[in-house]
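If you scroll down you'll find the structure; I have some questions about it.
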Number of protein chains: 2
Amino acid sequence: MGKEVLSEETIEVLRNPPLQDAARTITDGLRSHRTLLIIGNCRVDYQGRASSKLKPGDRMVIIKRDGSVLVHRPTGYDPVNWQPPGCKLQAYTEKGNLIVRAVRERPRETITIQFNKLYLLTSMALIDRGEFSLYASEEDMQRAVLLHPDLIEEGFKPITYEKKVEPGFIDVYGMDRDGRLVIVEIKRGTAGREAVLQLAKYIGSVKGEVNREVRGILAAPQLAKGAQKMLITLGLEYKRLDPKRCAELLRRSSVRKISEFL
Amino acid sequence: MGKEVLSEETIEVLRNPPLQDAARTITDGLRSHRTLLIIGNCRVDYQGRASSKLKPGDRMVIIKRDGSVLVHRPTGYDPVNWQPPGCKLQAYTEKGNLIVRAVRERPRETITIQFNKLYLLTSMALIDRGEFSLYASEEDMQRAVLLHPDLIEEGFKPITYEKKVEPGFIDVYGMDRDGRLVIVEIKRGTAGREAVLQLAKYIGSVKGEVNREVRGILAAPQLAKGAQKMLITLGLEYKRLDPKRCAELLRRSSVRKISEFL
DNA sequence: GCCTAGGTCCCGTTG
DNA sequence: CAACGGGGCCTAGGC
C-alpha cells in the first residue's frame, strides 16, 4: 500500500500558547511553508479595494503554504476576511498582542489580525496529491454537444468552439441542416437575462461580419421567466440541455479530447 | 473588562484519535452545535448540481454550527468541496473509516468525506459577536453621490435613486444644470462593456417614456478599453469616481440614511 | 498586464 | 418560492 500518512512529528499542536511562543512558531511555520491554523480571540482590519473592520471575537485563521489566508467566523460559508494565494506574511507580538499581517501587491491589500488570546495553534506539513475531478460542468456540456450535435437539433454541425468574436467567446459555432449559421450559448444552470444578452451580443457581432441569417440557441437545463420573454422578443431559441445527461454521454464515449472532432 | 474569552473546557482537542472516538466526539459536537475541525487523510465525494471525486490526501475540514462544511486542501483560497449553511450532518465509522456526510435539500446535494486517519480533532464552542463593517461598497458610492452630487458634475441634482425602469434599476436619476435628465450608472471597480450596455438600456427605456434628451453618465474608478469605445459610440459619458473617496466623504458626514436627502 | 467568462459560485433583496 | 445583481468575489484562459 502506497498510502501517504503524516508522521506525528509533522504536526505540532500548542494549546493556549503564550503569544510570544506563538509568534515564533508561526514565523518558523511561514518560513518552512507549513500550513498554520490559529484559533483565538482577535480583531481584524482590512485595507485595499475596500476596507473593513471586525471587532473582537473567536475565529479560526488558516494560513496555507501558498500564502493564502482565511479568517473564519463560527458561522457562514464565506471567510469574513481573507487574502488570496501569494501574499507576504509576518507575525510578531506588540503591546501584548499577537499580530499577523498579510500583504498582497497588485492590488495592494493588507489584512491585519490582532490576537489577544490563542486557544490553539497548529503547524502542519500536510501532504495532498489527491487528484480532483469534477463532472457536469459547462465544459462537459460543451464537449457533449460537440460529440453529439443532435443534442442541439437534428442536422446541427459544429464548426468550432470558443470562437473569438468582438464581444467575447462563442461557446459553440456551427451550421444547421439548411446551411444557416448557428450560435449556441450553453449554461449549466437556469439561464437568466444575462445569458440571453450574451447570446444577442454574439449574434449582433457575427451578423455584422457575414451579412446573412444567424440563428441563436440558448442551451440550458432551464429558462428563467424574464429570460424567456427576452428570448422571444429577440427572436432567439431555447433548447433544453441537462448537464448531468451530458456528463453521462461523455462517460460512455471513449473519446476524450475536443480537438478530435473538428 | 467585558472581554469574552473561552474557558479552556470549551475547547476539546484530540490528537491522532481512534476513529471510533472521533465519531463519538463529532456526533456530540454536532448535537450541541459546536464548531468542529477535523484534520486528517481523506477522500471526498460530492453529488448534486454537479459531481466530483477527490482522491486521498491530507485536508482540513471545518464544520460550523450553522451546518456549513468546508473541505480545504493545503493550497488555494477556495474549499475543494463544501456545503453552504443549513445542511444536515452525520458521522459514523464504517469498515475502519470515519465517514462524515453532509446533506443539503433544495438543491439536493451530498458530500461524503471518508477519513482513514485523523491527525487532529477539535471541538469548540467559539463565541463571536464582533461587529463587522465594510466600507467603500457600491452602495456607499451611491450614498456619496446623493450627498455630494458635485462628485458627478457641478450643478447636478439627483431626483431619485434605484428608480425602476423596464430593464432594471437606475442607480441615480437626476437633472443637470441645464435641466436635462441624467442617468448615472455606478460601478465600484473597472467598468466594462456590461456596465455600458446597462446604462444604454436605461437610457433607451427612459427616452421611450419622456421623449426628450437624456444624458447617461458612467461613474467608476476606471474604464475598460472596450467599454470606452462603446461609450463613445453610444454617445455616453464617463466620470471618474473613486470608491475610497466616497467612503471617506461618508465617514465625515454624520448623516446615514439615503432617504433623508430626497 | 488587461479582459472575458465560469462557478456545485454564495448571498441579499425583491417581486 | 424564483429571479436578478453584486462581490474585496476567485480562478482559469487568451492576448
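Below, chain A is the first sequence line, B the second, and so on; all start at residue 1.
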Whole angstroms only, please: what is the CG-C1' distance between D66(A) and dT11(D)? 13 Å

Pairing nucleotide - dT13(C), Watson-Crick or G-U, each distance under 3.5 Å: dA3(D)

Between C1' of dG8(D) and CG of D45(A), the distance in whole Å: 14 Å

So what does F132(B) touch, heavy atoms closer than 4.0 Å: a base, only the sugar-phosphate, or nothing? nothing

Between dA5(C) and dG8(D) - P atom distance, rounded Å: 22 Å

Would you call K244(A)-E248(A) a salt bridge at under 4.0 Å N-O? no

Determine: side-chain N/O of Q83(A) to OP1/OP2 of dG8(D), distance under 4.0 Å, yes or no. no

With respect to the side chain of R49(A), which nucleotide from dT8(C), dC3(C), dC9(D) is positioned closest? dC9(D)

State plainly whether the residues R193(B) and E166(A) are in salt-bridge range, i.e. N to O under 4.0 Å. yes

For dT8(C) versus dT4(C), give the span between their P atoms, rounded off to a whole number of Å. 22 Å

Among dC10(D), dG7(C), dG6(C), find the nucleotide with the atom closest to the side chain of D171(A). dG6(C)

With a cut-off of less than 4.0 Å, is there a side-chain N or O of W82(B) near OP1 or OP2 of dC9(C)? no

Starting from the 5' end of DNA chain D, give me the residue, F169(B) or A136(B), whose nearest nucleotide shows up first. F169(B)

Could you give the CD-to-P distance, from E139(B) to dC11(C), as a whole number of Å? 19 Å

Can you measure K201(B) atom NZ to dG5(D) atom C1' for me and round it to whole angstrom units? 11 Å

Nucleotide nearest N81(B) (side chain, heavy atoms from C-beta), chosen from dA3(D), dT8(C), dC9(D): dT8(C)

Between the main-chain N or O of V206(B) and the side-chain N or O of Y202(B), is there a donor-acceptor pair closer than 3.5 Å? no

Nucleotide of dG8(D), dG7(C), dC3(C) approaching A50(A) most closely (side-chain heavy atoms): dG8(D)

Want to settle it: does A227(B) or S137(A) sit nearer the 5' end of DNA chain C, counting the closest nucleotide to each? A227(B)

Count the heavy atoms of every other residue, nucleotide or ligand shown that sit under 6.0 Å from NZ of K201(B), and state whether that count exceeds 12. yes

Do K239(A) and E237(A) pass the salt bridge (Lys or Arg N to Asp or Glu O under 4.0 Å) test, and can you show the C-alpha distance, the side-chain angles, and the key distance before you say yes or no? CA-CA 7 Å; K239(A) 171 66 191 181; E237(A) 302 162 57; over 6 Å; no

Counting side-chain heavy atoms from C-beta on, which of dG7(D), dG8(D), dC10(C) comes nearest to Y77(A)? dC10(C)

When the nearest nucleotide of DNA chain C is assigned to K164(B) and to Q222(B) on a heavy-atom basis, which residue is associated with the more 5' position? Q222(B)

Looking at dT8(C), dC3(C), dG6(C), which one has an atom nearest to any side-chain atom of K187(A)? dG6(C)

So do Q83(B) and E109(B) actually touch side chain to side chain, heavy atoms under 4.5 Å? yes

R106(B) side-chain N/O to dC1(D) phosphate OP1/OP2 under 4.0 Å: yes

Are any of the side-chain heavy atoms of L236(B) and L218(B) separated by less than 4.5 Å? no

R188(A) vs dC9(C): side-chain N/O to OP1/OP2 distance below 4.0 Å: yes

Rounded to whole Å, please give me the gap between CG in D140(B) and P in dG6(D). 15 Å

Closest nucleotide of DNA chain D for V80(A) versus for P167(B): which of these residues is on the 5' side? P167(B)

Can you tell which of dC3(C), dG7(C), dG8(D) lies closest to the side chain of E138(A)? dG7(C)

If you go through the side-chain atoms of D78(B), does one of them form a donor-acceptor pair with the base of dT11(D) closer than 3.5 Å? no

Spacing of Q198(A) atom CD relative to dG6(C) atom C1', expressed in whole Å: 9 Å

With a 4.0 Å cut-off on heavy atoms, is P85(B) in touch with a base, just the backbone sugar-phosphate, or nothing at all? sugar-phosphate

Among the nucleotides dC3(C), dT8(C), dA5(C), whichever has the atom closest to the side chain of R193(B) is dC3(C)

What's the closest nucleotide to the K225(A) side chain, out of dA3(D), dC3(C), dC9(C)? dA3(D)

If I take atom NZ in residue K163(A) and atom C1' in nucleotide dT4(C), what distance separates them, rounded to the nearest angstrom? 17 Å

Separation of L197(A) atom CG from dC4(D) atom C1', in whole Å? 12 Å

Counting the atoms with a prime plus P, OP1 and OP2 as sugar-phosphate, which does G48(B) contact under 4.0 Å by heavy atoms, base, sugar-phosphate, or nothing? nothing

